[in-house]
There are 4 protein chains.
Amino acid sequence: MEFSEKQVQIMEAAEKLFAAKGFDGTSVRDIADTAGVNLAMISYYFGSKEKLMENMFAYRSDFFKLQLETMIRNKELPPLQKIEALIDQYVDRLMKEQCFHRIIVREQMVNYTGPISGMIQELKKQNQELIKQLILEGQKKGDFKKGIDIPFLMMTLIGTISQVITTQHYYREINGLHSMPDPDFQKLIKKKTGHHLKSIFKAILTHEV
Amino acid sequence: MEFSEKQVQIMEAAEKLFAAKGFDGTSVRDIADTAGVNLAMISYYFGSKEKLMENMFAYRSDFFKLQLETMIRNKELPPLQKIEALIDQYVDRLMKEQCFHRIIVREQMVNYTGPISGMIQELKKQNQELIKQLILEGQKKGDFKKGIDIPFLMMTLIGTISQVITTQHYYREINGLHSMPDPDFQKLIKKKTGHHLKSIFKAILTHEV
Amino acid sequence: MEFSEKQVQIMEAAEKLFAAKGFDGTSVRDIADTAGVNLAMISYYFGSKEKLMENMFAYRSDFFKLQLETMIRNKELPPLQKIEALIDQYVDRLMKEQCFHRIIVREQMVNYTGPISGMIQELKKQNQELIKQLILEGQKKGDFKKGIDIPFLMMTLIGTISQVITTQHYYREINGLHSMPDPDFQKLIKKKTGHHLKSIFKAILTHEV
Amino acid sequence: MEFSEKQVQIMEAAEKLFAAKGFDGTSVRDIADTAGVNLAMISYYFGSKEKLMENMFAYRSDFFKLQLETMIRNKELPPLQKIEALIDQYVDRLMKEQCFHRIIVREQMVNYTGPISGMIQELKKQNQELIKQLILEGQKKGDFKKGIDIPFLMMTLIGTISQVITTQHYYREINGLHSMPDPDFQKLIKKKTGHHLKSIFKAILTHEV
DNA sequence: AATGAATGAGTCTTCATTCAT
DNA sequence: GATGAATGAAGACTCATTCAT
């Protein structure tokens, strides 16, 4: 799918607003204003608000998958280090695309059917498959324990990052980090989240419990 | 605050719908129809849709806090067992109040200010404090390691449960559990989630990593 | 018509609010709150908002007519002095019952039919008749000129007072009388209005023009 | 401010209805129907009912001021004739714009603040200033008496015309003019009002009283 | 291709009134 | 008799979308 410059403008405005205010909380007028385009252009280009959402989703998730896949394939490392690299990638990616991630979290809650739900499911499956491969590889090599509940480990991986993303302002407030510049704060929580998840994965994958 | 039977009816309808379709995606007409009351009753009792949300929140979170507190205080057990009991409670509670939990997840993303945000923050603080006490107690007794990052452990606790709740239908689908009756399925994931989280906590709190 | 204490309370609240915000701009809830009575009592006592208006009107205009009539009949003076006394009475009355007068001004504009319109018309006719008698008496005695356009003189009498009442705050502002206590200000404009109208009537009734 | 044809249509419908039924008594649906436009157009063009009122006011009062000013400046006549010309203009103008005038009368009673009140006050001030100039000119030339209470003379000028406008149907009824065609009736009362006011002004400005 | 104008359906809220007690 | 609860109708306004140009 090729998108014109204006279409990208619109989709990016939509992404930001959908993330901040939800799909229903965002009006096409909002989007048009934020994108700096004429109101009628949105229907004109995308047909409807719903279709805009779908297009934006396709646009973003294309963008998404590739990065991860190439990353994994290129590295040839011991299983644990691979897992750790993958965690870093995950954290990095979700943190970088916070807006999009928020939209996914929302959409998962609402829509069990429809094209977007399908896309999310597809993404999930692919990513889960990837991790599964990595863990199986580690188990074959004897580095990882047997009997790992991979789906629930994924729940923790994504759930923890989601939680960090959606409640970062509470974390900031509670820890008195109001005045820290946002880029620094982002770096901080990214580092901490990565570290935290790595300890969990290491513990679960390698130690007896 | 005392609520009449009708008010509770309305609040429960609102909770269900807000959870399913979001605040903006739910019309007061929806709520009125679902609750089986006249449309105007909602404004009559609560003043506005927003105020209804706030009242529902207060109603539910009252309900929330007490259960946890009394539970913790009453048990006199070794720290790890206490933690495990708390995880069970947490999982149980969030799973039981899935609707309410979904609303919280949503609201956290949108609203950093306003009365609801305040209530959530308050809830979070209290619960976090409780866990902190438990962990400190374990550390004092020598059962738990030092240097635990409690806030991030909380992120994992809540984040994992949230993830399970919001993506349960994917889990169901992927694992081919379409035909399992919902109560059974709920029991299943509750058990698995509890088990999973306990392994993580045990590993993080007691083992060297 | 006999009115209970509560009914009077309601009618007086209604009068004040109708004068200030108009009939349509005033809700029965406003009236109930201002009167300190239960909302349902208004419909209960008066049947409807409209009927409340009518009752209030009847209540007030009863009050109105009598004062004027007795005043006029009792005085035995030269015609010009009678006219002057009448002007004083008129000014005094309208100024004292500003709220009611405002309502009349409004209602005249809106409703050409209906019971209230009838009442106003009746009031007007009676008062006009009175003045007519006075002027005819003066003409017969040779004190007043012939060919007076009585209806238009009435227009000036009432119109001027109305204008003073409805624009008093402009007058106050323009003349820098913000800080004068209201009772003093009322006295001032009452005096000035009376004086002004008397000059006009004297000029029109007695001088060649 | 430039208004499109449709905007003018709406404003004129609004003017008529506001005059007849008051601001609160007129619904935007009424206005839309009367103007023959879609209901949503009103919000589309003006934002709100209130803003429509303000725009209509600005539109009409622009229209208003100029006529008077140019009229006065262009004539080079003895003071009394100027005053008489001004009275004619005033009567003519207010009679022609009866709807707008009614709205002003109403608004003065309700709203002491807000943008409309400001506009009225401005109009009043300008017109009053004009008359003041004229009278001062006449006094300087020795044609008019000293000690004229100009504000109250204005009250009589505007108040009388207002009274004629708002009670014209009573006048008609009382004088048995039901069957006279309205244009004729309007001409009649315009002539009578002008004549009446001129006598008053002449008497007050030039005779000893 | 791009847009200002327009609209029907829908939003939340308030209204005056009535009912059951 | 007096009133809290309840309601249908109507209020102003916003929405996503379409149309004529």
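Note on naming: letters A, B, ... go to the chains in the order of the sequence lines (proteins, then strands), and numbering restarts at 1 for each one. Worth saying up front: this structure is predicted, and the values here are computed from it rather than measured.
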Which protein N or O atoms sit under 3.5 Å from an N or O of nucleotides 5-9 of chain F?
unit_1: F/dA5; atom_1: N7; unit_2: B/Tyr44; atom_2: OH; d: 3.2
unit_1: F/dA6; atom_1: OP1; unit_2: B/Lys6; atom_2: NZ; d: 3.4
unit_1: F/dA6; atom_1: OP2; unit_2: B/Tyr45; atom_2: OH; d: 2.1
unit_1: F/dG8; atom_1: OP2; unit_2: B/Asn38; atom_2: ND2; d: 2.7

Requested in this report: Have a look at C/Ser27 and say if it touches a base, only the backbone sugar-phosphate, or nothing, with a 4.0 Å heavy-atom cut-off.
Outcome: sugar-phosphate
Expressed in angstrom and rounded to an integer, what is the separation of [X] atom [atom1] from [N] atom [atom2]?
X       : N      : atom1 : atom2 : answer
C/Phe46 : E/dA16 : CZ    : C1'   : 15 Å
B/Leu52 : E/dT11 : CG    : P     : 16 Å
C/Leu17 : E/dA16 : CG    : P     : 12 Å
B/Asp24 : E/dG10 : CG    : P     : 18 Å
D/Lys49 : F/dC13 : NZ    : P     : 8 Å
D/Ile42 : F/dA12 : CD1   : C1'   : 10 Å
D/Ile10 : E/dT7  : CD1   : C1'   : 13 Å

Under 4.5 Å between any side-chain heavy atoms of [X] and [Y], yes or no?
X       : Y        : value
D/Arg60 : D/Glu12  : yes
A/Val28 : A/Leu52  : no
B/Phe57 : B/Ile120 : yes

Query raised in the report: Start at the 5' end of DNA chain E and walk down; is the nucleotide closest to B/Thr26 or to C/Val28 reached first?
Result: B/Thr26
Query raised in the report: Yes or no on side chain to side chain contact (heavy atoms under 4.5 Å, CB included) for C/Val8 and C/Tyr59, after CA distance, side-chain angles and deciding distance?
Result: CA-CA 9 Å; C/Val8 171; C/Tyr59 170 67; 3.5 Å; yes
Below 3.5 Å, can you tabulate the donor-acceptor pairs from side chains in residues 32-46 of chain D to any protein atom, sequence neighbours excluded?
unit_1: D/Thr34; atom_1: OG1; unit_2: D/Asp30; atom_2: O; d: 2.8
unit_1: D/Asn38; atom_1: OD1; unit_2: D/Ala40; atom_2: N; d: 2.7

Report summary line: Encoded 5' to 3' (Watson-Crick or G-U under 3.5 Å; [ ] crossing; | other strand), DNA chain F becomes .||||||||||||||||||||
Requested in this report: Could you tell me whether a side-chain N or O of D/Arg102 sits under 3.5 Å from a main-chain N or O of D/Ile165, the two making a donor and an acceptor?
Outcome: yes
Query raised in the report: Should B/Ile103 and B/Met53 be marked as a side chain to side chain contact (heavy atoms under 4.5 Å, CB included) after you check the CA-CA gap, both sets of side-chain angles, and the distance that decides it?
Result: CA-CA 10 Å; B/Ile103 295 172; B/Met53 173 71 137; 3.8 Å; yes
Report task. Return no unless some side-chain N or O of C/Ser48 is found under 4.0 Å from OP1 or OP2 of E/dA16. Result -> no
Report task. Evaluate whether atom NZ of D/Lys124 has more than 12 neighbouring non-hydrogen atoms of other residues, nucleotides or ligands under 6.0 angstrom away. Result -> yes
Report task. Give, for atom CD of D/Gln9 and atom CZ of D/Phe3, the distance between the pair rounded to the nearest 0.5 Å. Result -> 14.0 Å
